[in-house]
Amino acid sequence: MSSPVLVLVTRPSGATVPSSGPGADGAGFALADPGLPHISVLDLGVTRGDGIFESVSVIAGVAPAIEAHLDRFAASARALDLPDPDRTVWSRAFEAAVAAHPDASTGANLAAKLVLTRGIEGDGRPTGWIVVQVARDFTAQRENGIRVVTLDRGYRHDVATTSPWLLQGAKTLSYALNTAALREAGRRGADDVIFISSDGFVLEAPTASVLLREGDRFSTPSAELGILPGTTQRRAFEFFSAEGFDTDAPRLRASELARADAVWLLSSVRQAVPVIELDGRPLEADFALTRRLNAHLATTH
Ligand code: PLP
């Protein structure tokens, strides 16, 4: 397998003084050797998870949702009071990172990660980088489905309004809670998690959006519930609308999950995976529709 490509974004924000080193005064980014150390042990992204990221799917060298990811990257930066990412620099750095990957032209599925941290403590300058590597193969999950348990997130559905400092709905580097929830799923004999608010509303999975089908209606929980607005969910809704289905983003009660005709988890690199078991009870899954949806998600426009 080819090694990852690393691009250091040396001028991640227009508001910051460029750092020194390659790419500092020109493009604002530079290819670097991923085998060498680059991040300081004093970087607040490392020591406090104080930063943001995006995971972007790249198919045959094209990232169909890159603009939506860059929009969300900027929204996450605002939520954390980080300097605005320079969109032109990040777009060009992203294109350069993808183009430098030997598998970009072979049609392989690649996963790109964009990271922006608050930088070295006391320095006042953010740190940015992009890594592009061959994506993990999720074919088995897409084709066979996954078992999911619901877990209480411990926050009410209106947490984004009452306590914005909890950063719900921002894609921060602090994913230790999300991975802890996935380990809890494993202990309960499941593959993944759907978080429920403390007052009983469906939220999201640790690394994916939730999609429900009831008849001809496809629903995802409202983004007002302190969850990440999914780029894949948005593209899935385009697909369902074009197919003549209804789509909406309401508040969904946890009881509606168990009653749904079908449930999926949606995310950029994994795409749509059907849920075949919820809290130990079997759920119907529509594998033919899942295949068509994933074919749409794999199109590069
Ligand atoms: N919700 C959370 C918490 C996530 O981490 C992710 C993706 O990583 C998503 C939803 C789905 O977002 P997207 O479809 O843009 O990958």
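As the structure lists them, so they are numbered: ligands from 1, and atoms in each ligand from 1.
- The Ser209 neighbourhood of ligand 1 comprises atoms 9 (C), 10 (C), 11 (C), with distances under 4.0 Å to a heavy atom of that residue.
- Looking at atom 5 (O) of ligand 1, its nearest protein heavy atom turns out to be Tyr175 OH, 2.6 Å.
- Not close to ligand 1: Arg234, with no non-hydrogen atom less than 4.0 angstrom away.
- Contacts of Ala208 with ligand 1, taken as heavy-atom pairs under 4.0 Å, involve the backbone alone.
- Within ligand 1, counting atoms from 1 as listed, the ones closer than 4.0 Å to a heavy atom of Ser268 are 13 (P), 14 (O), 15 (O), 16 (O).
- Under the 4.5 Å side-chain heavy-atom criterion for Ile, Leu, Val, Met, Phe, Trp and Tyr, Val148 and Leu212 are members of the same hydrophobic cluster.
- Residues Glu238 and Arg234 are not paired through a salt bridge, judged by the lack of any N-O separation under 4.0 Å between the basic side chain and the carboxylate.
- No salt bridge links Asp137 with Arg270; every basic N to acidic carboxylate O contact stays at or beyond 4.0 Å.
- Remark: distances from the non-hydrogen atoms of Ala205 to ligand 1 include one below 4.0 Å.
- In terms of protein heavy-atom proximity, atom 1 (N) of ligand 1 is nearest to Glu204 OE1, 3.0 Å.
- Thr232 OG1, 2.5 Å is the protein heavy atom nearest to atom 14 (O) of ligand 1.
- The neighbour count for Glu243 CD, taken as heavy atoms of other residues, nucleotides or ligands under 6.0 Å away, is above 12.
- Checking Asp86 against Ser13 by side-chain atom types alone, no donor-acceptor pair falls below 3.5 Å.
- When non-hydrogen atoms are compared, ligand 1 lies under 4.0 Å from the backbone of Leu266 (N, CA, C, O) but not from its side chain.
- Atom CZ of Arg187 sits in a crowded spot, with more than 12 heavy atoms from other residues, nucleotides or ligands closer than 6.0 Å.
- Using a cut-off of 4.0 Å between Lys/Arg side-chain N and Asp/Glu carboxylate O, Glu95 and Arg92 are scored as not salt-bridged.
- Atoms of ligand 1 found under 4.0 Å from any heavy atom of Arg72 (numbered from 1 in listed order, with element): 12 (O), 13 (P), 15 (O).
- A centroid separation of 6.0 Å or more is found between the aromatic rings of Phe239 and Phe245.
- Each of the atoms 12 (O), 14 (O), 15 (O) of ligand 1 lies under 4.0 Å from some heavy atom of Gly230.
- By the criterion of a heavy-atom distance under 4.0 Å, neither the backbone nor the side chain of Ser55 is placed next to ligand 1.
- Nearest non-hydrogen protein atom to atom 15 (O) of ligand 1 is Thr231 OG1, 2.6 Å.
- Using a 4.0 Å cut-off between a side-chain N of Lys or Arg and a carboxylate O of Asp or Glu, Glu67 and Arg72 do not qualify as a salt bridge.
- By the 6.0 Å and 45° rule, Arg213 does not stack over the aromatic ring of Phe218.
- The nearest heavy-atom contact from the protein to atom 8 (O) of ligand 1 is Lys171 NZ, 2.6 Å.
- Evaluated by nearest non-hydrogen atom to atom 3 (C) of ligand 1, the leading choice among Ala68, Ala236, Pro206 is Pro206.
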